[in-house]
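Please read the structure below before turning to the comments.
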Amino acid sequence: MGERIFIGVAWPYADGPLHLGHIAGAYLPSDIFARYHRIKGNEVLMVSGSDQHGTPITIKAEQEGKKPEEIANHYHQQFLDSWQKLGISFDLFTRTGTANHAEVSHDFFLTLLNRGYIYKATVSQPFCPHCRRFLSDRYVEGTCPYCHFSGARGDQCDECGKPMTPAELIDPRCKLCATTPQFKDSEHFFFRLSAFQDRLLAWMKGQTHWRQNVLNFTMRYVEEGLKDRAITRDIDWGVPVPLDGFEGKRLYVWFEAVIGYLSATKEWAKSSGDEAKWRSFWQGNEAKSYYFIGKDNIIFHTTIWPAMLMGYDGLNLPYDVPANEFLTIEGSKLSTSRNWAVWLPDYLSRYEPDPLRYLLSISMPETGDTNFSWREFVRRNNDELVATYGNLVHRVLTFVYRNFDGSVPTPGEFDSRSQAVIDMAKDTLNTVDRLLSQCHFREAMRSAMSLAQDTNRYLEEKSPWKVIKEDKQAAATALYVAISVISCLRTALYPFLPFSSQKLHRFLGFEGSVEDDGWQPHFPSPGQKLLPPEPLFSKLDEGLIEEEVSRLGHVTHNL
RNA sequence: GGCAGCGUAGCUCAGUGGUAGAGCAGAGGACUCAUAAGCCUUUGGUCGUGGGUUCAAAUCCCUCCGCUGCCA
């Protein structure tokens, strides 16, 4: 019996398209991890969904004269399309707007309320009489009381960086209509996060396998002292509060969206026909839960969500939260408002998925921010993916196909050099296995690529194209060894490059899918029929660099 | 403002006490199965600055400069 692995991935906010930062931060690593565990034969459940609620979507809807659900649905469909094209293999990608999610959220809310972890309190909130709604902090603007900057927001001043509340602003105004807001009392629910301080600290001290940056950051945050947090808002777009007298309020998205991990699992179980199946991933010690997120989401997944789970009781806490750092674009911080971003649908409309998966894997922001540049993208594709790996596969398969009747050649005795190459292929499979199980994606990819490079050296030494003229058996042996290594690369690279691995699987004459073949050094049998080989990857024209760079920074629309 | 991280070859990045590393780019070479790809050799860094600890520091400590993140 294999392991059971739950993979929760950050819920993308459905008010705009995905960009490369999202992919490098959460979606690609989670997919690599999921594919790795599936090919190992482990039971995997990978879920996420669109985060559809909250103020920004309602604002965008108003600006575009649409309903919030239209905006949310549009991006939800776009997300699904992107997952399919990029090969992000969710078992379920749902949304927070389902009846199921509301039901699970209500259960969570009421359970925490009954246990005393949620309480009611009155707060003073800015209300815009013209827009006729309560304003969230960042939708109130005014003059900063510290530096007198006129464009300060209700949560912070961009000029001097000081944090504040809307009530502190001089001459506050509604960001949307510039009307002066009134402050009104409003009754809200709060999550008693402070009650979990000691339990969280004790729990965290046991999480020595977490990434150092995640652990340090979380510990510091908790040690500073946890404060209770409001979990309801005065808006009408979201999951309703399941109590009479709160019809005009909704659950705050930060509270409700994380519950999505559980509600998605329950939805998945229902549609599988076995409603109780969700328990196998959430209860008992058989399953490990991993949460893949960007570093901006660390606290929610290492502190707040665990506290909610502790309060609810009886559900598994996160086993690991391998949060990634950020991606910069052409050396500058990513910014959606300045359109300094590479949008995923845009990328996928012009390029193949595997080159991007390769680049983001080999330079994944695991331990620090990394930079994406189009020059680097073209270089990594042309000089590494195509030249080292793609060309290795192509030179071997075309030569064998032409000289050995389109079949895997029958090898003779292995000399020590050939045996060493075979051993190295097996070792690499083990190394990649270990590294992936520890979420060291970049190292794992490097290890696989260095096997491809060593195999190119081996071929050079054996020169089957020369040797074949006088000793066909010797050439056959060298080529058999090379094909065997390639077969291992097909497996080792599958989590990273699923599309090309599957193609290679067929070229080598295997049936079915790479995934069903399992994580093992499965060498082709002598005599096995090959398919006519084609290049796995294509070179990219350097001209695209300038073209793509020039797109950056220009405000576009219709994404 | 407080806290934290980063600053290593032209570029992208590894490297947490013991004679500076990889890939790519640059230079030279032999080969030709392959997407003019692959292979061999080679140029190149006083590891941001200034101090300190140590037999020994890119690696530990402090100052400063620059960038980034979190608190927000």
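Only heavy atoms go into these numbers, but all of them, side chains included; no hydrogens, no water, no symmetry mates. All chains are named by letter (A, B, ...) in the order of the sequence lines, taking the proteins before the strands, and each is independently numbered beginning at 1. The structure displayed is predicted, hence computed values, not measured ones.
Comparing B:C13, B:U12, B:C40 against the side chain of A:R457 picks out B:C40 as the nearest. Relative to the side chain of A:K466, the nucleotides B:U35, B:C31, B:C40 differ in distance, and B:C31 lies closest. For A:V386, the side-chain atoms get nearest to B:U35 when compared with the rest of B:C39, B:G38, B:U35. The side chain of A:R446 approaches B:C13 more closely than any other nucleotide in the set B:U32, B:C24, B:C13. Looking at the side chain of A:W465, the nearest of the listed nucleotides B:A34, B:U32, B:A14 is B:U32. Closest to the side chain of A:N391, from the set B:C33, B:A34, B:G23, is B:A34. Nearest to the side-chain atoms of A:H394 among the listed nucleotides B:A34, B:C13, B:U32 stands B:A34. The side chain of A:R380 approaches B:U12 more closely than any other nucleotide in the set B:U12, B:A34, B:C40. Checked against B:G38, B:A34, B:U12, the side chain of A:N456 finds its nearest nucleotide in B:G38. Among the nucleotides B:A25, B:A34, B:G38, the one closest to the side chain of A:E460 is B:G38.
Going from the P atom of B:G44 to that of B:G21 covers 13 Å, rounded to whole Å. Atom P of B:C61 sits at a distance of 35 Å from the matching atom of B:C24, rounded to the whole Å. Between B:A20 and B:A58, the distance separating the two C1' atoms is 8 Å to the nearest Å. Using C1' as the reference atom, B:G7 and B:U12 are 15 Å apart when rounded to the nearest Å. Comparing B:A22 with B:G15, their P atoms are spaced 15 Å from each other, to the whole Å. Using atom P as the reference point in both B:U63 and B:A4, the two lie 11 Å apart (nearest Å). Nucleotides B:G17 and B:C13 place their P atoms 24 Å apart, quoted to the nearest Å. Nucleotides B:A9 and B:G69 are separated by 28 Å at their C1' atoms, to the nearest Å.
A:E461 comes within 4.0 angstrom of nothing in the nucleic acid, heavy atoms only. Within the 4.0 angstrom heavy-atom criterion, no nucleotide atom of any strand lies near A:E325. Residue A:F537 is classed as a base contact, given a heavy-atom separation below 4.0 Å to a base. If you check every strand for non-hydrogen atoms under 4.0 Å, A:R375 touches nothing. At a threshold of 4.0 angstrom between heavy atoms, the contacts of A:T328 with the nucleic acid are absent. Residue A:S363 is classed as having no contact, given no heavy-atom separation below 4.0 Å to the nucleic acid. Within the nucleic acid shown, A:L385 has no heavy atom closer than 4.0 Å to any nucleic acid atom. Looking at heavy-atom distances under 4.0 Å, A:P535 makes contact with a base.
Following rounding to the nearest Å, A:H440 (NE2) and B:C13 (P) show an atom-to-atom distance of 19 Å. B:C31 atom C1' lies 17 Å from atom NZ of A:K462, rounded to whole Å. Distance CZ (A:R229) to P (B:A72): 8 Å, rounded to an integer number of Å. Atom CZ in A:R395 sits roughly 13 Å away from atom C1' in B:A36 (whole-Å rounding). For the pair A:Q453 CD and B:A37 C1', the interatomic distance rounds to 13 Å; values are reported in whole Å. Regarding A:I329, its CD1 atom lies at a distance of 14 Å from the P atom of B:U12, rounded to whole Å. If you measure from atom CG of A:N371 to atom C1' of B:G10, you get 15 Å, rounded to the nearest angstrom. Protein atom OH of A:Y401 is 16 Å distant from nucleotide atom P of B:A34, rounded to whole Å.
Judged by the 6.0 Å distance and 45° axis criteria, A:R357 is not positioned over the aromatic ring of A:F496. For the pair A:K472 and A:F404, the cation sits on the ring face: its NZ or CZ lies under 6.0 Å from the ring centre, inside 45° of the axis. Annotation: cation-pi pair A:R490/A:F510 present, NZ/CZ under 6.0 Å from the ring centroid and within 45° of its normal.
Using bins of under 30°, 30° to 60° and over 60° for the plane-to-plane angle, the ring pair A:W305/A:Y291 lands in the perpendicular bin.
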- Message: Is there a side-chain hydrogen bond (donor to acceptor under 3.5 Å, both in side chains) between A:E548 and A:Y351? Walk through the geometry before answering.
- Response: CA-CA 12 Å; A:E548 292 292 353; A:Y351 307 105; 2.5 Å; yes
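Nearest heavy-atom pair across A:Y221 and A:L226 is CE2-CD2, 3.5 Å.
When the side-chain nitrogen and oxygen atoms of A:R379 are compared with OP1 and OP2 of B:G23, none of them lie within a distance under 4.0 Å. The shortest distance between the side-chain N/O atoms of A:K539 and the OP1/OP2 oxygens of B:A37 is below 4.0 Å.
A residue-by-residue look at A:S373 and A:E534 shows that A:S373 has its nearest nucleotide of RNA chain B further toward the 5' end. Nearest-nucleotide positions on RNA chain B place A:F372 closer to the 5' end than the other of A:F372 and A:F326.
Under the side-chain hydrogen bond (donor to acceptor under 3.5 Å, both in side chains) rule, A:T232 has a single partner from A:R250, A:E256, A:H188, which is A:H188.
Using the Watson-Crick or G-U wobble rule with both distances under 3.5 Å, B:U53 pairs with nothing in any strand shown.
Salt-bridge annotation for A:E461 and A:R457: absent, with no side-chain N of the basic residue lying under 4.0 Å from a carboxylate O of the acidic one.
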